[in-house]
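The structure displayed is predicted, hence computed values, not measured ones.
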Amino acid sequence: MINTVTILPAAKNDLRSFVEKTSGQKLLRCYQCGKCTAGCPTAYLWDLTPRQVMRAVQLGLKEELMRTHSYWLCVFCQTCSARCPQEIDIAAVMDSLRHLAILEKRAPAEKEVALFHRHFLRLVHRFGKVWEVGLGGLYNLTSGHPLANTSLLPAMFARGKLPLLPHTTHNMEEIRNIFKRAEELERKSAGPETGRKA
Amino acid sequence: MAVSYAYYPGCTLKTSAREFDESTLKVCKAAGIELTELADWNCCGASSAHSVSPLLGLSLPARDLQTAEALGKPVAVACAMCFHRLKHASHALGDAAKLKQVNQVLGKEFRNTVKVEHLLTILGSNGSSYQVTKKLEGLKAASYYGCVLVRPKEVMELDDEDNPQLMDRIVASLGAETVEWDFKTECCGASLPLSKPEVVVNLSHKILRQARQRGAECVVVACPMCHSNLDIRQKAMKAAYPGFQEMPVYYFTQLMGLAMGFSAAEMHIDKHLTDGLSLLKSKGFI
């Protein structure tokens, strides 16, 4: 997928600066051994493998990396982080990449995965807790997969596993403020590394 | 002497994993562990908050930890995912700058002095005294821990990252036999069941397949997400992988309850989508 590479001096490598700042990891420690890829349960679906993602961050290949499916398919099992001989928390790097894509409002290569996260948090913002029926319903209505998982519903309802009404946290003002202030602070401290080149 | 905890059930234990909540409460009560549900708790943010906003991912669990801190009680958690997020927040907020930021978000003072423990540690520690009245002799179980319960080791402080033993010891104390296997901490597909169900079916079927190859008759779990992925997708596994044989998946608290004399109904064994009753009947436990 990547043919020619321009290696950016560290000061201009906005991608690496952002990831190092938000994940707290030292990216240049990666020497490309590939243990992360070997242990990753979903790497068989990634267009750039975890090892290649690490390389792309080192090289500052922001546009190429942001377009990939890879970091959206990370399920945060942290096998990579546990096995990295250089003690890099690679899962935290994947979190940073998702965070960057969202801050920059990029269209996600895995729109269903991104949609799941968005609906999940929308429900927590609304009720303080996750409402599973609502989550499934919102996902099916907006993902283009209206019948996804519906074959499981009769058995789940019959066993009382899916209450129709949401449980809520009472002090919702506090929850809404948490969402609001976290977003404000994060935008303020995002720094000059974020933003897309015209 | 009763040990007292602020109990954080988490969202799924009140809905799709009710049997985990109810078996936890009954078993702990019988074992002299006092669990008082944390007042007005909120979602820990689970798989989504940290994926899109690190600060939100720390602040949501911090609100719950702050409530427990004000009570002066340690927090007991059953759900592995919630445990992971609460422990992660405790650990990350050891950094004074991050704690200051989170306090700004919370709008109140959290000092990060509260202890968070998983039910496996609480029930499996030497201090815990549960009485086994009906040994589960002859049952062969595979203890499945999943990813987030044990990783990263220095943050979760629960057990070994690759070959944990805590649940195995509990299951063995009930009279059952645990098998040695390689998939104890492999990933089941985690939060992908809505967006990528085929991935969950693939990863989870590999886990159940190896459990069977190693002689297990059932899998025992401590995580509602693992349970859901392993239990409710077995019909899809059968369709996708010919020769796949169904296998019951129990919460460790359900097996504890049965061995402590509770009935199958009290432990809600009938709440699973994959039949969990026939195996227990065939062994004469219920």
Got [X] and [Y] here, is their nearest side-chain heavy-atom distance under 4.5 Å?
{"X": "A/Arg83", "Y": "B/Asp162", "result": "yes"}
{"X": "A/Leu152", "Y": "B/Arg233", "result": "yes"}
{"X": "A/Gln78", "Y": "B/Pro152", "result": "yes"}
{"X": "B/Leu56", "Y": "A/Phe179", "result": "yes"}
{"X": "A/Phe120", "Y": "B/Cys43", "result": "yes"}
{"X": "B/Gln101", "Y": "A/Ser189", "result": "yes"}

With only heavy atoms counted, which part of [X] is less than 4.5 Å from chain B, the side chain, the backbone, both or neither?
{"X": "A/Tyr139", "answer": "side chain"}
{"X": "A/Leu103", "answer": "neither"}
{"X": "A/Ile178", "answer": "both"}
{"X": "A/Asn149", "answer": "side chain"}
{"X": "A/Val124", "answer": "side chain"}
{"X": "A/Thr42", "answer": "side chain"}

* **Derivation of the side chain to side chain contact (heavy atoms under 4.5 Å, CB included) call for B/Leu192 and A/Val113** => CA-CA 7 Å; B/Leu192 291 176; A/Val113 176; 4.1 Å; yes

* Asked: Does the side chain to side chain contact (heavy atoms under 4.5 Å, CB included) test come out yes or no for B/Leu273 and A/Arg159, once each step is laid out?
  -> CA-CA 8 Å; B/Leu273 266 67; A/Arg159 287 163 181 77; 3.7 Å; yes

Most heavy-atom pairs under 4.5 angstrom with chain B, which of [options]?
{"options": "A/Leu121, A/Val75, A/Val130", "answer": "A/Leu121"}
{"options": "A/Lys111, A/Glu112, A/His117", "answer": "A/His117"}
{"options": "A/Arg98, A/Lys129, A/Glu183", "answer": "A/Lys129"}

Please round to the nearest 0.5 Å and tell me the distance separating atom [atom1] of [X] and atom [atom2] of [Y].
{"X": "A/Asn140", "Y": "B/Leu194", "atom1": "CG", "atom2": "CG", "answer": "7.0 Å"}
{"X": "B/Asn42", "Y": "A/Thr169", "atom1": "CG", "atom2": "OG1", "answer": "5.0 Å"}
{"X": "A/Arg118", "Y": "B/Ser48", "atom1": "CZ", "atom2": "OG", "answer": "11.5 Å"}

* Check the side chains of A/Thr79 and B/Arg151 for a donor-acceptor pair under 3.5 angstrom, ignoring hydrogens and angles. => yes

* Between A/Ile102 and B/Ser53, is a side chain to side chain contact (heavy atoms under 4.5 Å, CB included) present by the stated rule, with each step listed? -> CA-CA 9 Å; A/Ile102 286 164; B/Ser53 157; over 6 Å; no

* Considering only NZ, NE, NH1 and NH2 on the basic side and carboxylate oxygens on the acidic side, decide whether A/Glu174 and B/Arg63 come within less than 4.0 Å. => yes

* To do: Test B/Thr15 against every option in A/His167, A/Glu132, A/Lys161 by the side-chain hydrogen bond (donor to acceptor under 3.5 Å, both in side chains) rule and name the one that passes.
  => A/Glu132

Looking at every heavy atom in both [X] and [Y], which two are closest together, and how far apart are they?
{"X": "B/Val52", "Y": "A/His99", "result": "O-ND1, 2.8 Å"}
{"X": "A/Phe116", "Y": "B/Ser47", "result": "CE2-OG, 4.2 Å"}
{"X": "B/Val148", "Y": "A/Phe76", "result": "CG1-O, 4.1 Å"}

As an exercise: rank [options] by heavy-atom pairs under 4.5 Å with chain A and give me the winner.
{"options": "B/Glu161, B/Lys235, B/Gln104, B/His268", "value": "B/Gln104"}
{"options": "B/Ala236, B/Cys188, B/Cys147", "value": "B/Cys147"}
{"options": "B/Gly146, B/Ser51, B/Gly107", "value": "B/Ser51"}
{"options": "B/His50, B/Lys206, B/Glu186, B/His272", "value": "B/His50"}

More than 12 heavy atoms of other residues, nucleotides or ligands under 6.0 Å from [atom1] of [X]: is that the case?
{"X": "B/Lys108", "atom1": "NZ", "result": "yes"}
{"X": "B/Lys14", "atom1": "NZ", "result": "yes"}
{"X": "A/Glu184", "atom1": "CD", "result": "yes"}

Given that the side chain runs from C-beta out, which part of [X] has a heavy atom under 4.5 Å from chain A: side chain, backbone, both or neither?
{"X": "B/His84", "value": "side chain"}
{"X": "B/Glu154", "value": "neither"}
{"X": "B/Leu203", "value": "side chain"}
{"X": "B/Asn202", "value": "side chain"}

* Asked: Quick check: does any side chain N or O of A/His170 sit under 3.5 Å from a backbone N or O of B/Asp40, one acting as donor and the other as acceptor?
  -> no

* Please assess B/Lys196 against A/Glu110 for the test side chain to side chain contact (heavy atoms under 4.5 Å, CB included), listing each intermediate value before the final yes or no. => CA-CA 10 Å; B/Lys196 297 252 157 209; A/Glu110 285 289 337; 2.9 Å; yes

